[in-house]
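Below, read A as the first sequence line, B as the second, and so on, with proteins coming before strands; counting in each chain starts at 1.
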Amino acid sequence: AQSVAQPEDQVNVAEGNPLTVKCTYSVSGNPYLFWYVQYPNRGLQFLLKYITGDNLVKGSYGFEAEFNKSQTSFHLKKPSALVSDSALYFCAVRDGYGGATNKLIFGTGTLLAVQP
Amino acid sequence: DSGVTQTPKHLITATGQRVTLRCSPRSGDLSVYWYQQSLDQGLQFLIQYYNGEERAKGNILERFSAQQFPDLHSELNLSSLELGDSALYFCASSSGTGGYGYTFGSGTRLTVV
């Protein structure tokens with residue numbers, strides 16, 4: 001079965017410093033990987049996805065993620081953190097091999113806290 | 001506005017009651033997914049519909065049911081509600097394969113008292 005793991009419940013970083021939120025995956029076949037962000041009392045907002053192609057994926061709000069097949073990782077990164085980046089971040093993988101049965105499976109989430 | 005509309009945004013009801021949550025997918029999307037987000041369980045997949053047909057089921061309780069109508073909107077019915085059903089319920093939609101992404105609604109916060 002497909003799964004993703006987010007090993008850190010919380011990541012603390014100072015404003016202006018680079019940030020990394022970790023995600024590892026376990027899939028059969030080629031992975032479709034996603035990052036979403038959830039601000040307090042809000043829905044899930046799409047940040048970026050990896051389907052195929054370049055291992056470095058650029059997304060919204062200056063975020064990027066690096067797909068590493070040998071390490072089965074898809075870490076989310078940003079060169080310079082902002083206080084406004086503080087939120088809950090979810091890594092997700094598409095289940096199935098395409099077609100109509102293709103639900104997203106989410107990690108447990110990582111709370112990012114950026115200190116001013 | 002993500003394009004996925006969920007109503008109501010908030011719902012407070014008593015134990016033992018029944019509620020219906022509604023989701024309108026993004027225009028053109030055929031798949032609808034329901035998720036439950038609670039503090040202790042994280043984001044749990046409940047059920048998926050594709051063009052009116054049930055396509056996948058997760059850890060959905062027997063007290064819960066869903067359907068997708070011909071106009072592609074979906075409803076999640078929760079009955080015999082318990083305190084533990086209090087959670088944020090999300091609906092998402094995709095074009096079909098999911099390769100183009102999944103769009104989430106803003107959720108319905110259900111509080112059972």
Is A:L48 close to chain B through its backbone or its side chain, or both, or neither, when contacts mean heavy atoms under 4.5 Å? neither
A:Q45 versus chain B, the contacting section by heavy-atom distance below 4.5 Å: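 For A:Q45, there is no contact with chain B at all, as no heavy atom is under 4.5 Å.
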With only heavy atoms counted, which part of B:Q37 is less than 4.5 Å from chain A, the side chain, the backbone, both or neither? side chain
Residues of residues 75-83 of chain B near chain A, each having a heavy atom less than 4.5 Å away: none
Is it the case that atom CD in A:Q10 sees more than 12 heavy atoms from other parts of the structure closer than 6.0 Å?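 More than 12 heavy atoms, drawn from other residues, nucleotides or ligands, come within 6.0 Å of this atom.
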Does a sphere of radius 6.0 Å around CG in B:D71 hold more than 12 heavy atoms from other residues, nucleotides or ligands, not counting ones at 6.0 Å or beyond? yes
B:Y35 and A:F106, any side-chain heavy atoms less than 4.5 Å apart: yes
Trace of the side chain to side chain contact (heavy atoms under 4.5 Å, CB included) decision for B:L43 with A:L104: CA-CA 10 Å; B:L43 266 167; A:L104 274 181; over 6 Å; no
Those residues that, when tested against B:Q36, pass side chain to side chain donor-acceptor pair (under 3.5 Å) (two or more places apart):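 Side chain to side chain donor-acceptor pair (under 3.5 Å) list for B:Q36, sorted by chain: B:Y89.
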Where do B:Y50 and A:N102 land on the side chain to side chain contact (heavy atoms under 4.5 Å, CB included) test, with the steps shown first? CA-CA 10 Å; B:Y50 176 78; A:N102 55 359; over 6 Å; no
Side chain to side chain contact (heavy atoms under 4.5 Å, CB included) between B:L88 and A:Q38: does it pass, once the steps are laid out? CA-CA 12 Å; B:L88 194 51; A:Q38 184 180 25; 3.8 Å; yes
CZ of A:R42 to CZ of B:F104: how many Å apart, nearest 0.5 Å?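 Going from the CZ atom of A:R42 to the CZ atom of B:F104 covers 15.0 Å.
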Once rounded to the nearest 0.5 Å, what's the spacing between atom OH of B:Y102 and atom OH of A:Y32?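 Spacing of OH (B:Y102) from OH (A:Y32) equals 9.0 Å.
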Any cation-pi pair here, A:K103 with B:F45, using under 6.0 Å and within 45°?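 Relative to the ring axis of B:F45, which defines the angle, A:K103 lies inside both limits.
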